[in-house]
Chemist: 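What follows is a structure written as structure tokens; I'll ask about it next.
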Amino acid sequence: MTESLRMPRMGMARTHHVANWRTGFALVSFGALFSLILSGYSAGEENNFYQLPILGGLYHEPQFSNDPFIQSLRFYASGFWQLLSGRMDGPEIYVLLFVFQLLSRMILFAGMLSWASLLGIESDRERLAFIALVALSSTLNGFSNAGVGGLLITSFTHSEVANGTTLLALAWAARGSVTTAFAMNGVTFFLNAFVAVWTAVPLGLIILAQWWQGRWTWRGLLVRALAGLAIFAILAEPVVRDVEADPYTKVAPGFDYVAFLESFFPYHFLIWSDPLREIGLLAVVFCCGMLAVQMLRAPDAFLAPALGGAAVVWVAGVVLPYITHARVLLDLHLLRSGSTIHLLAAIAIAALATRWCFSRNGSDRSVWAPSLIMLSCTFSIAMPLALLLLLSRRLWPATTARWCNAAPWLAYAGPALLLMVALFNGARIYHAAKWSRTVAEWRGDWQALGSWARTHTPVQSVFFVPAGTTRGTVLFAPNDGVQNALAEGGSVFAYFSHRQAWVFSPYGAAVMWAPAYYATWRTRLTEAKALKTLPERLRYAAGQGIGYVVDGCAQPDPHPASAARFGRLCVFAVPRNAAG
């Protein structure tokens with residue numbers, strides 16, 4: 001009799017588990033697809049300058065044997081890309097990058113859902129609302145303030161995959177699963193080593209808060225931590241091995257590293273390069289997150305120490321350049337850890353709005369929830385007003401409740417506010433789709449040019465291309481708007497052409513893992529930026545032994561006939577006597 005009762009119960013438990021798994025998968029898939037519709041998607045943007053040549057395995061080809069940028073990519077410190085080295089060759093790369101983007105978003109929303117259950121978001125309706133609000137959150141739209149860390153951006157990179165694994169690691173730590181949390185941080189290290197370094201601080205603060213509450217004995221914590229660290233070490237080993245094998249780091253750089261960062265992309269590293277508005281908005285996002293955490297009254301979620309730990313890392317990034325110019329430390333990109341602040345704050349705000357949506361309190365449902373949704377899911381500049389709203393609700397709950405009850409017209413405010421959110425995000429979807437089409441057109445020109453170059457030019461040919469925007473605050477000549485526009489989409493050129501490009505501005509990122517490349521990048525980019533006309537570029541190219549110049553097709557007379565035209569881009573063969 002006992003056995004006959006046990007079997008149906010076990011079957012019911014398995015059925016319930018499968019149903020929960022299916023529901024979770026559906027919610028994660030919805031979040032991923034909805035967020036992609038909101039953000040738009042475009043492959044071939046700037047970060048792909050470093051990843052596409054790895055996928056094509058270009059550093060194995062003889063024509064790149066003397067190309068210091070392409071050769072440095074052998075030691076790109078991400079195990080994810082190195083696993084895929086040399087496995088792609090053709091336009092199917094766009095399908096692969098889209099699949100990766102979709103999976104990246106699914107991992108991110110899985111991390112979001114793992115926090116939702118910790119914060120008391122349990123029913124399917126609540127979880128659906130929470131996922132939708134996270135996807136709509138202005139806090140996650142684009143890049144983080146005062147650090148430019150990637151969030152829900154339009155292209156796929158490994159760093160954004162690490163956002164999801166970071167959330168999963170922190171959520172498992174909050175549940176007391178230290179071994180799993182440390183192992184997942186090993187996955188993060190495999191994807192992006194410096195994100196794993198950021199994650200270690202909030203992980204440690206969560207565990208410290210649990211220990212303070214008496215949830216751990218030293219022995220129990222040590223056993224679990226060592227097991228997790230062993231898995232972490234196995235996952236980190238391939239990345240560490242690549243870093244140690246990098247020959248470009250063996251020679252100490254003969255330049256000031258902070259000066260290089262100021263000339264390349266200071267916003268990840270140097271707080272004085274970020275506008276005060278950006279710093280203020282990040283502070284507002286953090287405060288909104290902390291207030292929302294307090295109002296959720298879920299101390300067992302340990303979201304406050306996680307958010308505080310992320311803030312500690314960012315503050316360390318503020319201080320670090322003032323006390324050291326060491327490349328190894330500055331390469332941790334600590335200001336970019338503001339992305340973790342954004343992620344955790346968005347979780348707290350969306351969870352609070354969800355709780356209010358399903359509250360028994362009428363004013364929470366009809367006034368506070370729509371107001372918070374409107375302020376947190378439209379313009380990011382509205383976040384200071386969201387902070388004021390949360391402060392009012394937190395400090396004067398009785399007064400605000402009386403005010404809501406005394407104004408019956410507020411019953412109509414909720415639908416009006418939600419309509420504003422719908423209209424705003426409808427416009428956002430339209431502009432995102434329009435931008436994606438524009439990027440695809442730019443990329444298509446460069447893809448066509450690259451395919452032509454691969455079949456119509458000698459293998460050893462070098463192309464002088466528009467260098468693109470320089471985002472540093474010092475060193476280089478002012479940007480040329482026409483040349484910058486021509487360079488858009490150029491990240492796909494090397495992949496499709498299998499030919500060298502003389503220099504692109506984004507190539508400077510290679511100095512972070514190959515400081516020996518600095519002199520080459522700076523010299524070439526300085527010279528390229530000084531050239532103002534096609535005849536000047538042709539003479540320069542001839543002097544450097546470059547075979548082709550890529551420029552705009554609208555050139556003042558007289559000018560040489562182009563060898564080929566691809567949309568807005570024309571290719572000019574360099575005459576042998578052009579150097580004179």
Side-chain angles (χ1 to χ4, degrees), residues 42-58 61 63-64 67 69-70 73 88-95 97 155 436-469 480-507 524-525 528-529 531 533-538 540-542 544-555 559-575 578:
S42 53
E45 293 198 89
E46 186 167 305
N47 277 336
N48 296 141
F49 271 109
Y50 323 114
Q51 295 139 11
L52 291 179
I54 297 174
L55 291 170
L58 300 188
E61 298 182 4
Q63 65 268 34
F64 293 103
D67 187 318
F69 170 72
I70 295 294
L73 296 176
M88 301 300 298
D89 184 20
E92 63 272 12
I93 187 65
Y94 299 134
V95 176
L97 290 176
S155 59
S436 296
R437 286 194 297 271
T438 300
V439 172
E441 290 172 4
W442 291 339
R443 185 187 68 209
D445 292 345
W446 280 99
Q447 178 181 336
L449 191 160
S451 299
W452 172 86
R454 189 172 184 179
T455 57
H456 290 80
T457 66
V459 171
Q460 298 295 336
S461 297
V462 179
F463 283 71
F464 184 86
V465 297
T469 305
D480 181 324
V482 174
Q483 288 291 298
N484 293 347
L486 292 173
E488 295 288 355
S491 61
V492 305
F493 173 72
Y495 175 81
F496 283 103
S497 69
H498 290 245
R499 301 293 183 268
Q500 287 191 52
W502 182 247
V503 70
F504 275 108
S505 176
Y507 282 8
R524 290 183 178 183
L525 193 57
K529 289 286 184 180
L531 305 173
T533 65
L534 175 59
E536 289 179 359
R537 295 181 186 106
L538 289 169
Y540 174 82
Q544 299 292 338
I546 298 170
Y548 298 88
V549 171
V550 178
D551 211 324
C553 297
Q555 297 289 338
H559 68 273
S562 62
R565 177 170 183 164
F566 307 93
R568 70 199 195 282
L569 304 172
C570 278
V571 183
F572 300 90
V574 177

Chemist: Angle class for the W452/H456 ring planes (parallel below 30°, perpendicular above 60°, tilted otherwise)?
Modeler: parallel
Chemist: Is the gap between the ring centers of F464 and Y548 under 6.0 Å?
Modeler: no
Chemist: What are the two closest heavy atoms between Y507 and A501, and how far apart are they?
Modeler: OH-CB, 3.7 Å
Chemist: The test is side chain to side chain contact (heavy atoms under 4.5 Å, CB included); show your working for F463 and I546 and say whether it passes.
Modeler: CA-CA 6 Å; F463 283 71; I546 298 170; 5.7 Å; no
Chemist: Enter the distance from S497:OG to L449:CG here, rounded to the nearest 0.5 Å.
Modeler: 8.0 Å
Chemist: Kindly give the heavy-atom pair with the smallest separation between A573 and L538, and that separation in Å.
Modeler: O-CD2, 4.3 Å
Chemist: Side chains of V571 and F566: does their closest heavy-atom pair fall under 4.5 Å?
Modeler: yes
Chemist: Is any side-chain N of the basic residue among R454 and D89 closer than 4.0 Å to the acidic one's carboxylate O?
Modeler: yes
Chemist: Any sub-3.5 Å donor-acceptor pair from S505's side-chain atoms to T469's backbone N or O?
Modeler: yes
Chemist: Identify the heavy atoms of A467 and P506 that sit nearest to each other, and give their distance.
Modeler: O-CD, 4.1 Å
Chemist: Taking all atoms of both residues into account, what is the closest heavy-atom pair of V482 and D480, and its distance?
Modeler: N-OD1, 2.9 Å
Chemist: By the definition side chain to side chain contact (heavy atoms under 4.5 Å, CB included), identify the one residue from Y495, F493, F496 that meets it with L52.
Modeler: Y495
Chemist: Test side chain to side chain contact (heavy atoms under 4.5 Å, CB included) on W446 and V550; report intermediate values, then the result.
Modeler: CA-CA 10 Å; W446 280 99; V550 178; 3.9 Å; yes
Chemist: Report the distance from atom CG of D445 to atom CZ of R568, rounding to the nearest 0.5 Å.
Modeler: 4.5 Å
Chemist: In Å, rounded to the nearest 0.5 Å, how long is the span from OG of S491 to CD of Q447?
Modeler: 11.0 Å
Chemist: May I ask you to check if R443 and Y94 form a cation-pi contact, with NZ or CZ under 6.0 angstrom from the six-membered ring centre and within 45° of the axis?
Modeler: yes
Chemist: Evaluate side chain to side chain contact (heavy atoms under 4.5 Å, CB included) for D551 paired with R537, printing each intermediate quantity in order.
Modeler: CA-CA 9 Å; D551 211 324; R537 295 181 186 106; 2.8 Å; yes
Chemist: Indicate the atoms forming the closest heavy-atom contact of S42 with S155, along with that distance.
Modeler: O-CB, 3.2 Å
Chemist: Could you grab the distance from atom CZ of F69 to atom CZ of F49, nearest 0.5 Å is fine?
Modeler: 8.0 Å
Chemist: Are any non-hydrogen side-chain atoms of V574 and V549 less than 4.5 angstrom apart?
Modeler: yes
Chemist: Indicate whether the side chain of Y540 and that of W502 have a donor and an acceptor atom separated by less than 3.5 Å.
Modeler: yes
Chemist: Using 0.5 Å steps for rounding, measure from the CH2 atom of W442 to the CG atom of L569.
Modeler: 12.0 Å
Chemist: Nearest 0.5 Å, what's the CD-CG distance between E61 and D67?
Modeler: 11.5 Å
Chemist: Can you tell if the side chain of R499 reaches within under 4.5 Å of the side chain of V459, non-hydrogen atoms only?
Modeler: yes
Chemist: Carefully, step by step, assess Q63 and H498 under the rule side-chain hydrogen bond (donor to acceptor under 3.5 Å, both in side chains).
Modeler: CA-CA 8 Å; Q63 65 268 34; H498 290 245; 4.7 Å; no
Chemist: Is the backbone of T457 close enough, under 3.5 Å, to the side chain of S461 for a donor and an acceptor to pair up by distance?
Modeler: no
